[in-house]
Amino acid sequence: GEAVPAAQKAGWGTFLKQIASFTGDLSQLSAPPFILSPTSLSEFPSYWGEPTKEFLAITAGQTPEERQLLVTKWFLATLSGQFTRREKDTGSEKKPLNPFLGEQFIGDWNNGEVKLFAEQVSHHPPVTGYQLEGPSITYAGNCAQKTSFSGRTIVVKQVGHGILTVALPDGSKETYLITLPKLKIEGLWFGAPYVELSETSLIQGSHGLTTTIEYSGKGWVSGKAHSFKATVAKGPHISLANALFVISGEWTGESHYVKGSPADKEGKLFLNASGPTNPINVKPVEEQNEFESRRAWKAVADGIRKGDFDAASVAKTALENSERQKRKDEAAAGTPFQTRLFTTVQNDPEYHKLAALCKHTPADEDSYAFKGVSA
Ligand code: 0T9
């Protein structure tokens, strides 16, 4: 563990042993201070909106094929934020704060042109629901994680999906199901965890086109970290022969595309994912409501940032105890907690329709519909 501060080496060793023998919810384990992030997991949906330009460009697509490519470009443009931002900013992946039930994260981009609403809709297991809204386009999703341990790697299955809805000029609607890739957390042994993506994820349009994205890392065919190959075809990808487009490269850097199935041609530039990012704008803490993440976690986050871990720990215990008390009170009063921004939707027909098109087995998970906010 060369990245582990000397004073925390023993703690890191204990933590690794705990992880190795653990199944279930990693967020429940307490980790040594050097690996703690002052940011809550409820903020992560903002990565979907950071490629704001790519998100807004989708509605300008003239044909289903063009829009399928634009949705694919936006999706790929979100990945470097989702999976390498913490490493880029702080040198390693960090353990995010575990959101409390009903925690909210709200913000916008381009002076309100695109808005984000996120809410922690479940605490055990942790599930975040979110909605991204722009002119004539919304993206609604939910995300939970199932973790297991394999060798020296944490394997994280993302449970959840997103549905992008585009309002077309003729008044009709087009939808896209986004499934989420599996991730591996490597570098744990050295105290410098980072994320690599693996296996496949899908983007299924209601018009019948499917993007199948296959992820690979160091030591795979290309040998390069953070690599992918995506095919756009009618239906889920089986062979390269039926592909309308093939896009390949690195989701942290450049990718290129070719029309039709490629020989070895590199093709034209599809996306450069290493450009500047457009961070979300969030109200100052003083103006936030009491359920908003940065306000609720302020004392904990300040403690972590200043290196005052005793203060952070006292504040965190206070927050957790107060949450536990609320659940007890609700149970005693027979009035279970109600989410404020989202409602649960079981067996969302849109999800099942799109999942059938790409032969994705719908997971046994709920969807969440955004209720809107009364200003
Ligand atoms: C949804 C994303 C997700 C959340 C994070 C696994 C993880 C929590 C979930 C899946 C976002 O859209 C994308 C990116 C990163 C994922 C996190 C990486 C990570 O390590 C944590 C887990 C819970 C840990 O903190 C493990 C402990 C620690 C030793 C690793 C730093």
K.L.:
A side-chain contact here means heavy atoms from C-beta on lying under 4.5 Å apart; do Leu116 and Ile280 qualify?
P.N.:
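Yes, close enough: below the 4.5 Å cut-off.
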K.L.:
Mind checking what makes salt bridge (Lys or Arg N to Asp or Glu O under 4.0 Å) contact with Glu196, not counting sequence neighbours?
P.N.:
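Testing Glu196 for salt bridge (Lys or Arg N to Asp or Glu O under 4.0 Å), a comparison that skips the adjacent residues, returns none.
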K.L.:
Donor-acceptor pair, Gln204 side chain versus Ile178 backbone, under 3.5 Å?
P.N.:
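Not confirmed, Gln204 side chain does not pair with Ile178 backbone.
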K.L.:
Quick check: does any side chain N or O of Asp308 sit under 3.5 Å from a backbone N or O of Ala311, one acting as donor and the other as acceptor?
P.N.:
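Here the side-chain-to-backbone pair exists.
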K.L.:
Tell me, with the steps shown, if Tyr368 and Phe342 meet ring-ring contact (aromatic ring centres under 6.0 Å, His included).
P.N.:
CA-CA 6 Å; Tyr368 296 90; Phe342 291 81; 7.2 Å; no
K.L.:
So does Ala60 get a backbone contact from the side chain of Gln62, meaning a donor-acceptor N/O pair under 3.5 Å?
P.N.:
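Judged by distance alone, yes, a pair lies under 3.5 Å.
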K.L.:
Salt bridge check, Glu292 against Arg295: does any charged N sit closer than 4.0 Å to a carboxylate O?
P.N.:
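A salt bridge is absent here (no side-chain N lies under 4.0 Å from a carboxylate O).
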K.L.:
Report yes if the distance between the aromatic ring centroids of Phe245 and Phe270 is under 6.0 Å, otherwise no.
P.N.:
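Between Phe270 and Phe245, which both carry aromatic rings, the centre distance is not below 6.0 Å.
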K.L.:
Keeping Thr179 on the side-chain end and Leu202 on the backbone end, is there a donor-acceptor pair under 3.5 Å?
P.N.:
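Yes, because the side chain of Thr179 sits within donor-acceptor range (under 3.5 Å) of the backbone of Leu202.
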K.L.:
Would the distance check show the side chain of His207 and the main-chain N or O of Leu209 forming a donor-acceptor pair, the cut-off being under 3.5 Å?
P.N.:
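Yes, the answer is positive, given that a donor and an acceptor are paired below the 3.5 Å cut-off.
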K.L.:
Look only at the side chain of His123 and the backbone of Pro99, and say whether a donor-acceptor pair between them is shorter than 3.5 Å.
P.N.:
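Present.
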K.L.:
Sub-3.5 Å donor-acceptor pair from the side chain of Lys9 to the main-chain atoms of Val4, do we have one?
P.N.:
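Yes, Lys9 side chain to Val4 backbone: donor-acceptor pair under 3.5 Å.
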K.L.:
Would you mind checking if Lys182 and Glu199 are paired as a salt bridge, meaning a charged N to carboxylate O distance below 4.0 Å?
P.N.:
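Salt bridge flag = yes for Lys182 with Glu199.
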K.L.:
Answer yes when Asp302 and Lys306 have at least one side-chain N-carboxylate O distance shorter than 4.0 Å, and no when they do not.
P.N.:
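The answer is no: the pair does not qualify as a salt bridge.
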K.L.:
So, using side-chain contact (heavy atoms from CB on, under 4.5 Å) as the criterion, who are the partners of Ser30 when residues are at least two apart?
P.N.:
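Ser30 satisfies side-chain contact (heavy atoms from CB on, under 4.5 Å) with no other residue.
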K.L.:
Rounded to the nearest 0.5 Å, what separation is found between the CZ atom of Phe83 and the CG atom of Leu183?
P.N.:
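It comes to 5.5 Å.
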K.L.:
Looking at Arg85 and Glu50, is any side-chain nitrogen of the basic one under 4.0 Å from a carboxylate oxygen of the acidic one?
P.N.:
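Arg85 and Glu50: salt-bridged.
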K.L.:
Salt bridge or not for Glu330 and Lys326, using N-O below 4.0 Å?
P.N.:
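Salt bridge: no.
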K.L.:
Do Pro135 and Glu113 come within less than 4.5 Å of each other through their side chains, counting heavy atoms only?
P.N.:
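Sidechains of Glu113 and Pro135: in contact.
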K.L.:
Which residues pass the ring pair (Phe, Tyr, Trp, His ring centres under 6.0 Å) test with Trp109, sequence neighbours left out?
P.N.:
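Expected list: none.
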K.L.:
Working to the nearest 0.5 angstrom, can you tell me the gap between Leu70 CG and Thr59 OG1?
P.N.:
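The CG atom of Leu70 sits 9.0 Å away from the OG1 atom of Thr59.
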K.L.:
Please check this pair: side chain of Ser201 against backbone of Pro181, looking for a donor-acceptor N/O pair closer than 3.5 Å.
P.N.:
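Absent.
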K.L.:
Hey, is Arg67 close enough to Glu174 for a salt bridge, meaning N to O under 4.0 Å?
P.N.:
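Salt bridge: yes.
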K.L.:
Is the shortest distance from a Lys or Arg side-chain nitrogen in Glu250 or Lys224 to a carboxylate oxygen in the other one below 4.0 Å?
P.N.:
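Yes, charged N to carboxylate O under 4.0 Å.
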K.L.:
Determine whether a donor-acceptor pair (N or O, by modelled atom type, separation under 3.5 Å) exists between the side chain of Trp74 and the backbone of Trp48.
P.N.:
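It does hold such a pair.
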K.L.:
Does the pair Lys73/Glu54 count as a salt bridge with the N-to-O cut at 4.0 Å?
P.N.:
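No.
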K.L.:
Please tell me whether Phe370 and Phe117 form a close aromatic pair, meaning their ring centres lie under 6.0 Å apart.
P.N.:
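Centroid separation for Phe370 and Phe117: below 6.0 Å.
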K.L.:
Looking at Thr39, is its backbone amide N or carbonyl O close enough to the side chain of Ser37 to form a donor-acceptor pair, meaning the two atoms are under 3.5 Å apart?
P.N.:
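A pair under 3.5 Å: yes.
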K.L.:
Before accepting this row, confirm whether a basic side-chain N of the pair Arg294/Glu43 lies closer than 4.0 Å to the acidic partner's carboxylate O.
P.N.:
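Salt bridge flag = yes for Glu43 with Arg294.
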K.L.:
Check whether the ring centres of Trp251 and Phe228 lie less than 6.0 Å apart, and answer yes or no.
P.N.:
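No.
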